[in-house]
**Q** 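The structure that follows is given in the form of structure tokens.
Heavy atoms only: backbone and side chains are in, while hydrogens, waters and symmetry mates are out.
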Amino acid sequence: MSKQISPIINPEELITLQKSDIIIIDARAGINAKENYTANHLQGARYVDLNLDLATVPDDAANGGRHPLPSLSKLSEVVSKLGIAPSSHVIIYDDKNGSNAAARFWWMLRAVGHEKVQVVNGGLQAAIKTGYPVSTGIETFAEAGLYPIAKWKLSQADITEVDNASNNPDIIIIDVRDKDRFDGLTEPIDLIAGHIPGATNIPFTSNLNQDGTYLSSALLKTKYLDILANTKPENVIVHCGSGVTACHTLLAMDYAGLPIPKLYVGSWSEWSRNNRPMITNNI
């Protein structure tokens with residue numbers, strides 16, 4: 001197996017690859033994301049939809065959270081329709097410093113064994129500021145043959161494992177949401193504000209410089225080594241609201257050269273709807 005490339009690519013590096021055989025993915029999410037893509041995107045970028053492509057959204061978020069992973073067969077179809085083959089060099093961006101769906105798609109591709117996948121440091125805004133050309137409309141491209149996917153190769157934790165872990169001092173549960181949501185002071189998306197008992201709050205924004213780019217790999221490594229205190233990777237679980245932004249921290253840890261810990265995909269959106277213990281309004 002070839003050496004894994006950095007999970008982060010700087011805009012200046014992206015420009016040098018402009019005429020090479022790369023596949024750029026626009027992973028913006030939220031209200032009017034597709035319209036925003038159509039109005040302005042990096043030249044050649046193909047759009048992926050968080051709700052339709054990168055998740056199988058349930059009627060009730062109690063069943064796996066707001067953004068459960070799609071089936072492997074669905075993911076295979078999505079990746080193939082994007083023109084991605086196992087050998088493709090995939091570069092993903094969003095407009096939220098990677099915390100929207102760029103890091104989620106990065107994790108999903110890595111989790112099925114794809115090697116050459118990176119996230120643009122600083123996202124769409126940084127790439128445009130650096131001079132990468134933009135386009136409008138919908139890009140046309142050829143689909144690839146069905147992408148072979150056998151299993152998820154990166155570790156996940158389900159709600160039962162997290163429940164057990166919340167009472168185990170040897171396991172670290174990292175909640176990457178902002179502090180007010182963790183503290184139970186506000187909840188803009190889910191039904192209840194608060195956090196999982198035993199969880200540690202490390203907001204994903206602490207992975208970033210003020211300009212929205214990632215801290216250096218050395219700084220991230222120091223930061224997470226201090227937090228993990230020699231805890232084994234299998235004893236670290238990362239979550240957020242719905243299993244999307246958590247991937248931002250998984251990417252940061254990979255960028256730091258550390259093992260990628262477990263992702264709790266259901267996250268707070270599932271936990272808070274299943275009568276599990278919760279710490280709320282604890283300030």
**Q** Just wondering, do Val112 and Lys151 contact through their side chains at under 4.5 Å, heavy atoms?
**A**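 Contact flag for Lys151/Val112 side chains = no.
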**Q** Looking at Lys74, I want to see if its NZ is surrounded by more than 12 non-hydrogen atoms of other residues, nucleotides or ligands under 6.0 Å.
**A**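 For Lys74, atom NZ is crowded (more than 12 foreign heavy atoms under 6.0 Å).
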**Q** How close do Ala85 and Ala144 get, counting heavy atoms only, and between which atoms?
**A**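 That would be N-CB, 4.3 Å.
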**Q** Below 4.5 Å, heavy atoms only, C-beta onward: do Asp163 and Arg276 meet side chain to side chain?
**A**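 Yes, close enough: below the 4.5 Å cut-off.
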**Q** I'd like to know if the side chain of Ser269 pairs up with that of Ser267 as donor and acceptor (distance under 3.5 Å, no hydrogens or angles considered).
**A**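 Side-chain D/A pair, Ser269 to Ser267: absent.
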**Q** Can you tell me if Asn164 uses its side chain to pair, donor with acceptor, with the backbone of Glu161 under 3.5 Å?
**A**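 Not confirmed, Asn164 side chain does not pair with Glu161 backbone.
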**Q** So, Lys34 and Asp49, do they make that salt bridge, N to O below 4.0 Å?
**A**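 No, no charged N to carboxylate O under 4.0 Å.
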**Q** Tell me yes or no: between the side chains of Asp211 and Thr213, is some donor less than 3.5 Å from an acceptor?
**A**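 Yes, Thr213 and Asp211 have a side-chain donor paired with an acceptor closer than 3.5 Å.
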**Q** Applying ring pair (Phe, Tyr, Trp, His ring centres under 6.0 Å), which residue pairs with at least one partner in residues 42-101 are found, sequence neighbours left out?
**A**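 Qualifying pairs, neighbours excluded: Tyr37-Tyr47.
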**Q** Side-chain contact, heavy-atom cut-off 4.5 Å: Met108 with Leu69?
**A**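 They are in contact (side-chain heavy atoms under 4.5 Å apart), so the answer is yes.
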**Q** Answer with yes or no whether the side chains of Asn40 and Thr136 bring together a donor and an acceptor at under 3.5 Å.
**A**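 Side-chain D/A pair, Thr136 to Asn40: absent.
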**Q** Looking at every non-hydrogen atom in both residues, tell me the closest pair between Tyr147 and Ser80 and how far apart they are.
**A**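 In terms of heavy atoms, the two residues are closest at N-OG, 2.7 Å.
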**Q** Got a salt bridge between Arg177 and Glu187, using NZ or NE/NH1/NH2 to carboxylate O under 4.0 Å?
**A**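 Answer for the salt bridge query: yes.
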**Q** Taking C-beta and beyond as the side chain, do Asn209 and Leu215 meet within less than 4.5 Å on heavy atoms?
**A**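 SC-SC contact between Asn209 and Leu215 confirmed.
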**Q** Mind checking whether Pro261 and Ser155 have side chains closer than 4.5 Å, heavy atoms only?
**A**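 Pro261 does not reach Ser155 side chain to side chain.
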**Q** I'd like to check the salt bridge (Lys or Arg N to Asp or Glu O under 4.0 Å) partners of Asp190; sequence neighbours left out, ordered by chain and number.
**A**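 Only Arg66, Arg181, Arg273 meet the salt bridge (Lys or Arg N to Asp or Glu O under 4.0 Å) criterion with Asp190.
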**Q** Could you pull out all residues at least two apart from Glu12 that satisfy salt bridge (Lys or Arg N to Asp or Glu O under 4.0 Å)?
**A**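 None.
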**Q** Begin with the C-alpha distance, continue with both residues' side-chain angles, and end with the deciding distance and a verdict on side-chain hydrogen bond (donor to acceptor under 3.5 Å, both in side chains) for Thr249 and Asn207.
**A** CA-CA 7 Å; Thr249 288; Asn207 298 324; 3.2 Å; yes
**Q** If you count the non-hydrogen atoms of other residues, nucleotides and ligands that lie under 6.0 Å from CG in Asn275, is the total more than 12?
**A**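 At most 12 heavy atoms, drawn from other residues, nucleotides or ligands, come within 6.0 Å of this atom.
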**Q** Return the CZ to CD distance between Arg28 and Glu35, rounded to the nearest 0.5 Å.
**A**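 That separation rounds to 10.5 Å.
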**Q** Decide yes or no on salt bridge (charged side-chain N to carboxylate O under 4.0 Å, His left out) for Asp94 and Lys96, but give the supporting numbers first.
**A** CA-CA 6 Å; Asp94 60 33; Lys96 301 294 183 184; over 6 Å; no
**Q** Supply the atom-to-atom distance Trp107 CH2 to His114 NE2, rounded to the nearest 0.5 angstrom.
**A**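 Trp107 atom CH2 to His114 atom NE2 measures 15.5 Å (nearest 0.5 Å).
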**Q** Judged by modelled atom types alone, do Asn235 and Thr231 share a side-chain donor-acceptor pair under 3.5 Å?
**A**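 Looking only at side-chain atoms, Thr231 and Asn235 do not form any donor-acceptor pair under 3.5 Å.
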**Q** Would you check if the side chain of Asn36 reaches a backbone N or O of Asn32 as a donor-acceptor pair within less than 3.5 Å?
**A**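 Side chain of Asn36 to backbone of Asn32, a donor-acceptor pair under 3.5 Å: yes, one is there.
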**Q** Do the side chains of Ile128 and Leu42 get nearer than 4.5 Å, heavy atoms only?
**A**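 Sidechains of Ile128 and Leu42: in contact.
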**Q** Step through the shown structure and confirm whether more than 12 heavy atoms of other residues, nucleotides or ligands are within 6.0 Å of CG on Asp21.
**A**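 Open: at most 12 neighbouring heavy atoms sit under 6.0 Å from CG of Asp21.
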**Q** Between His248 and Tyr214, is the ring-ring contact (aromatic ring centres under 6.0 Å, His included) condition met? List the steps.
**A** CA-CA 10 Å; His248 187 280; Tyr214 274 85; 4.7 Å; yes
**Q** Kindly work out whether a path of hydrophobic side-chain contacts (I/L/V/M/F/W/Y, heavy atoms less than 4.5 Å apart) joins Leu72 to Val48.
**A**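 The answer is yes; both residues are in one hydrophobic cluster.
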**Q** Please tell me if the side chains of Ile5 and Gln118 come closer than 4.5 Å, counting only heavy atoms from C-beta onward.
**A**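 They are in side-chain contact.
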**Q** Taking side-chain contact (heavy atoms from CB on, under 4.5 Å) as the criterion, tell me which of Asn121, Ile22, Val120, Thr16 meets it with Ile9.
**A**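 Result for side-chain contact (heavy atoms from CB on, under 4.5 Å) with Ile9: Val120.
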**Q** For residues Arg104 and Leu50, report the shortest heavy-atom separation together with the two atoms involved.
**A**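 Shortest heavy-atom contact: CG-CD1, 4.5 Å.
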**Q** Can you name the nearest heavy-atom pair linking Cys247 to Trp106, along with the distance?
**A**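 The answer is O-CZ3, 4.4 Å.
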**Q** Any idea which heavy atoms bring Val244 and Ser99 closest together, and the distance?
**A**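 Where Val244 meets Ser99 most closely, the heavy atoms are CG1-O, 4.1 Å.
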**Q** Side chains of Ser206 and Lys223: do they bring a donor and an acceptor to under 3.5 Å?
**A**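 Yes - a donor-acceptor pair under 3.5 Å links their side chains.
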**Q** Is any side-chain heavy atom of Gln43 less than 4.5 Å from a side-chain heavy atom of Ser135?
**A**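 Heavy-atom side-chain distance check passes, below 4.5 Å.
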**Q** If I compare all heavy atoms of Ile159 with all of Tyr264, which pair ends up nearest, and what's the gap?
**A**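 Between these two residues, the closest heavy atoms are CG1-OH, 3.5 Å.
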